[in-house]
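For ligands, and for the atoms within them, numbers begin at 1 and follow the listed sequence.
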Amino acid sequence: MIVLKFGGSSVADAACMRQVAGLVAAALPKAPLVVLSAMGKTTNGLFAAAKAAEAGDLAGAMERQRALMAAHRQTATELFAGAAPETLDVALTDLFGELELLLRGVALLRELSPRSMDAIASLGERLSTRIFAAFVGGAWVDARTVLRTDEVFGEAVPQQAAIRALAAEHMKPLLGAGRAVVTQGYIGATADGLTTTLGRGGSDYSAALFGAALAAEEVQIWTDVEGVLTCDPRIVPEALPIPDLSFAEAAELAAFGAKVLHPATIQPAVEARIPVTVRHTQKPEGRFTTISAEVRSGRPITALASRGPVTVLTVSSTRMLAQSGFLARLFEVFGRRGVSVDLVATAEVSVSLTVEADEPLKALLEDLAAFATVEIHERRAIIAAVGERLKSTPGLGAKLLTALGDINVEMISMGANEINLSLVVKEESTAEALRRLHRVLVGAP
Ligand code: ADP
Ligand code: ASP
Ligand code: MG
């Protein structure tokens, strides 16, 4: 079997869904499992409705609910030329009724827990898959019966052994050459049946999890670009598609902000040795990227990515020189306060670290004040250069810094896996830094 995952822009309206139906039809001999995202910006709409309800603005929430309902009904009407099957009609009515109830509940309590948010967010994928499954005449599977997770609502951790067993029970019997099975990305459920989500952009991750559980031949991620490009095309328009990527390069790029893949996507595929391809839904015959274990790209720098805003903390202690346990003590505080660190660079009497901009730092800073002074620099960004031969290519660091010219680099860190070199710059310099680096390091032969 194979897994085909289509992102939000690939199923944004009736015309897009028709295009996807064509791709699914072509894949029928391979026993496809089709994993869909919510239509277009539906998930954003659901978040906005939930926030309005939380603020007590029930009218605003209901207005968004009606707008989503109109868009979905319109899509169904267009796909079925006005004659949508009654079962689909009933399913849509039920789902929008459920959404209304949830929003009213949130508005009444003026409380939006991550658990309620997940229940609301799940509607996007449940709606898009109902419409699509009806259109292609495929079997519809509720992903929550298979994608078992823990109870960390909003960013649930999948339980792969359980998923394998549940997929064998609920999906495998339906799969076969000549028919499509349709399910949702992004959503799952706890052992108690509570709805969870894998975090924004999580449908890619779902696709890889299902692929690994069902020993797929390939996981295809269909999106709106011709594969993974050498940089985010919205920032560097001349970015080029990369024909092949190693698992390590892809994982690193995703972790450092290449939105085209959810950061966790690669891991289940790596473990199961399943190739992942990234393809353009509107240009199915065009270029695409293959990510596999076999690839040894041999490129010094394959691609660039960026992530921000981040905050840089520079922790200094005059006593550090004498104290052998300084780093242990430092990280103990981060661990205890649950603040996760991305990059670290150490000097003789100070350590610089980056943390996500929205991390609450108050308690951490109070603890650190007991043995060190901390300088805080906000609105910074991490730029990552990723490539298999990065470390063994002489002169790359110099070339990189020269390319940046007058853009100040505040921190440099070479990843321990040797394929990632990260820089920290002011957030407002990110785009220009990427363009300059791309021109010199990636665009050039
Ligand atoms: P989907 O809805 O299909 O999941 P996403 O919007 O999540 O699509 O991801 C695709 C987008 O990722 C592209 O449109 C592009 O703007 C962005 N992107 C960022 N970095 C890269 C990159 N290195 N290669 C390709 N696309 C990238
Ligand atoms: N619909 C979800 C989101 O917008 C998941 C996804 O598209 O991957 O984040
Ligand atoms: Mg995505």
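Taking a 4.0 Å cut-off on heavy atoms, Ala305 fails to register as neighbouring ligand 1. Residue Arg200 places every heavy atom at 4.0 Å or more from ligand 1.
Checked by distance only, ligand 1 and Gly8 come closer than 3.5 Å through their nitrogen or oxygen atoms. Checked against a 3.5 angstrom limit, the closest N/O atoms of Asp204 and ligand 1 fall outside it. Between Leu229 and ligand 1, at least one N/O pair is under 3.5 Å apart. Residue-to-ligand polar distances place Arg234 within reach of ligand 1: an N/O pair is separated by less than 3.5 Å.
By the criterion of a heavy-atom distance under 4.0 Å, both the backbone and the side chain of Lys259 are placed next to ligand 1. Residue contacts with ligand 1, taken as heavy atom pairs separated by less than 4.0 Å, do not involve Lys41 at all. Contacts with ligand 1 closer than 4.0 Å are made by side-chain heavy atoms of Pro233 only, the backbone lying farther away.
Protein residues having at least one heavy atom under 4.0 Å from any atom of ligand 2 are Ser37, Ala38, Thr43, Glu125, Tyr186, Arg200, Gly201, Gly202, Ser203, listed by chain and number.
Between Leu304 and Leu434 the shortest heavy-atom distance is CD1-O, 3.8 Å.
Of the possible polar contacts, one joining the Gln19 side chain to the Thr281 backbone as a donor-acceptor pair under 3.5 Å is found. Of the possible donor and acceptor atoms, none in the side chain of Asp118 sits under 3.5 Å from a partner among the backbone N and O of Phe153. Listed for the Glu359 side chain is no donor-acceptor partner under 3.5 Å among the backbone atoms of Val339.
The atoms of ligand 1 that sit less than 4.0 Å from any heavy atom of Val225 are 13 (C), 14 (O), 25 (C), 26 (N). Close approach of ligand 1 to Lys5 is summarised as follows: ligand atoms under 4.0 Å from at least one heavy atom of the residue are 4 (O). Listed by number with element, the atoms of ligand 1 under 4.0 Å from a non-hydrogen atom of Gly227 are 25 (C). The distance from ligand 1 to the heavy atoms of Thr223 drops below 4.0 Å at these ligand atoms: 1 (P), 3 (O), 8 (O), 10 (C). Of all atoms in ligand 1, numbered sequentially from 1 with element shown, those under 4.0 Å from a heavy atom of Val228 are 24 (N). Heavy-atom contacts of Asp224 reach the following atoms of ligand 1: 10 (C), 11 (C), 13 (C), 14 (O) (cutoff under 4.0 Å). Of all atoms in ligand 1, numbered sequentially from 1 with element shown, those under 4.0 Å from a heavy atom of Cys231 are 22 (C), 23 (N).
We find that Arg126 and Glu98 are joined by a salt bridge, their nearest charged nitrogen and carboxylate oxygen being less than 4.0 Å apart. A salt bridge does not link Asp57 with Arg64: none of the charged nitrogens is closer than 4.0 Å to a carboxylate oxygen. Of the charged side-chain nitrogens involved, none lies within less than 4.0 Å of a carboxylate oxygen, so that Arg435 and Glu238 do not count as a salt-bridged pair.
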Ignoring hydrogens and angles, write down the donor-acceptor pairs under 3.5 Å from the side chains of residues 33-40, residues two or more places apart or on other chains.
from  : atom 1 : to     : atom 2 : distance (Å)
Ser37 : OG     : Ser203 : OG     : 3.1

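When the options Val236, Thr289, Val260 are ranked by their closest heavy atom to atom 9 (O) of ligand 1, first place goes to Val260.
Counted by atom type alone, Thr195 and Ser122 present zero donor-acceptor pairs between their side chains at under 3.5 Å.
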Run the salt bridge (charged side-chain N to carboxylate O under 4.0 Å, His left out) test on Arg279 and Glu218 for me, step by step, so that the C-alpha distance in whole Å, both residues' side-chain angles and the decisive distance to 0.1 Å come before the verdict.
CA-CA 12 Å; Arg279 301 162 186 262; Glu218 180 184 338; 3.0 Å; yes
Salt bridge (charged side-chain N to carboxylate O under 4.0 Å, His left out) evaluation trace for Arg307 with Glu356:
CA-CA 9 Å; Arg307 203 174 74 197; Glu356 290 289 321; 3.4 Å; yes
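Within a 6.0 Å radius of CZ in Arg379, no more than 12 heavy atoms belonging to other residues, nucleotides or ligands are found. The local environment of CD in Glu271 is crowded, with over 12 non-hydrogen atoms from other residues, nucleotides or ligands closer than 6.0 Å. Dense packing is recorded around CZ of Arg73, with more than 12 heavy atoms of other residues, nucleotides or ligands lying under 6.0 Å away.
Ring geometry for Phe80 against Phe135 counts as perpendicular: the plane angle is over 60°, on a 0 to 90° scale with 30° as the lower cut.
The protein heavy atom nearest to atom 21 (C) of ligand 1 is Asp232 CA, 3.7 Å.
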